[in-house]
Amino acid sequence: MWLGPARVFYAGLLGATAQRSLGGHGVYVSPTGQPLRMRLAGGSWQSGELLVVPAQVPHQVAAEHPLVLNLLVESESVNPALLPSVLRHCGPVDAPAFAQSVREGHACLLAIARREGPAGFPDFDSLFFGAALAPPVLDPRIRTVIARINADPAAPSPAQDCAAAVGLSFSRFLHLFKEETGVTFRAFRAWKRARRLLYHVRQGASLTDIALDTGYPDSTHFSHSIRQIYGLRPSDILAGSRRLAVHQ
């Protein structure tokens, strides 16, 4: 797993996922070309070697092959009007050249990791999309709040406090945040907190310690939130990551 502040690349076990709802633009690619299956919000199953799902869209993914390649682009880091065409879809996408480029990008990362280590990794966007993705144009007040949460997702960040910090009323802040980012403040904060789990998958800490380190009040709340977002229990995520190399 290649884990950055606004991008994630994962090559590993898919697992028996239930419905999930991630906080970024997601791309799933079959490493072998065998079809993957996806259903959106409990609808009918669709299949293809390349699946795309926008941020916060509930979906379930399944495959005959146990492995999957998965790109994740944080929604607040890109301009939605200038996304590459492949990221503007929802569901299976007929783009074999792009699917193959993701497989080749994975092979490139493996070769570099063996030869040079993660310090030699190329730029994520250039590797997978051919060029840097255009950044968003955000209201400076919303950008300030996003930076605050990204800097420490585990810290308490009540909407009331964030609104006051940027000089907005509570209701105006919630409306502006959704308008600027396309997601609710609550969903955004929940995703960023759950995303911190990815930094802990190889640390060997207990679930209780991880829950506290990532800002959850207790392990029950932690397990419920992680399962809603990833479609897997935290214990299953950790078990499936035992042989995972994590590069930051």
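Cluster membership check: L36 does not share its hydrophobic cluster with V93, using side-chain heavy-atom separations under 4.5 Å among Ile, Leu, Val, Met, Phe, Trp and Tyr. The hydrophobic cluster containing L69 does not contain L51, counting ILVMFWY residues as joined when their side-chain heavy atoms lie under 4.5 angstrom apart, directly or transitively.
Inspection of the R103 and S30 side chains reveals no N or O donor paired with an N or O acceptor under 3.5 Å. For the residue pair Y28 / H59, a side-chain donor-acceptor distance below 3.5 Å is found, with atom types taken as modelled.
Here the side chain of Q46 pairs no donor or acceptor atom with the backbone of P92 at under 3.5 angstrom. Of the possible polar contacts, one joining the H65 side chain to the L67 backbone as a donor-acceptor pair under 3.5 Å is found. In this structure, S219 contributes its side chain and L207 its backbone to no donor-acceptor pair below 3.5 Å.
A distance of 10.5 Å separates NE2 of H247 from CZ of F9, quoted to the nearest 0.5 Å.
F121 and W2 have perpendicular rings, their planes meeting at more than 60° on a 0 to 90° scale where under 30° would count as parallel.
Here F170 and H175 keep their ring centres 6.0 angstrom or further from each other. The ring of F177 has its center closer than 6.0 angstrom to the ring center of F188. Between F185 and F173, the gap from one ring centroid to the other is short of 6.0 Å.
The closest side-chain heavy-atom distance from P153 to T214 is not below 4.5 Å.
A salt bridge links E74 with K192: the closest approach of a Lys/Arg side-chain nitrogen to an acidic carboxylate oxygen falls below 4.0 angstrom.
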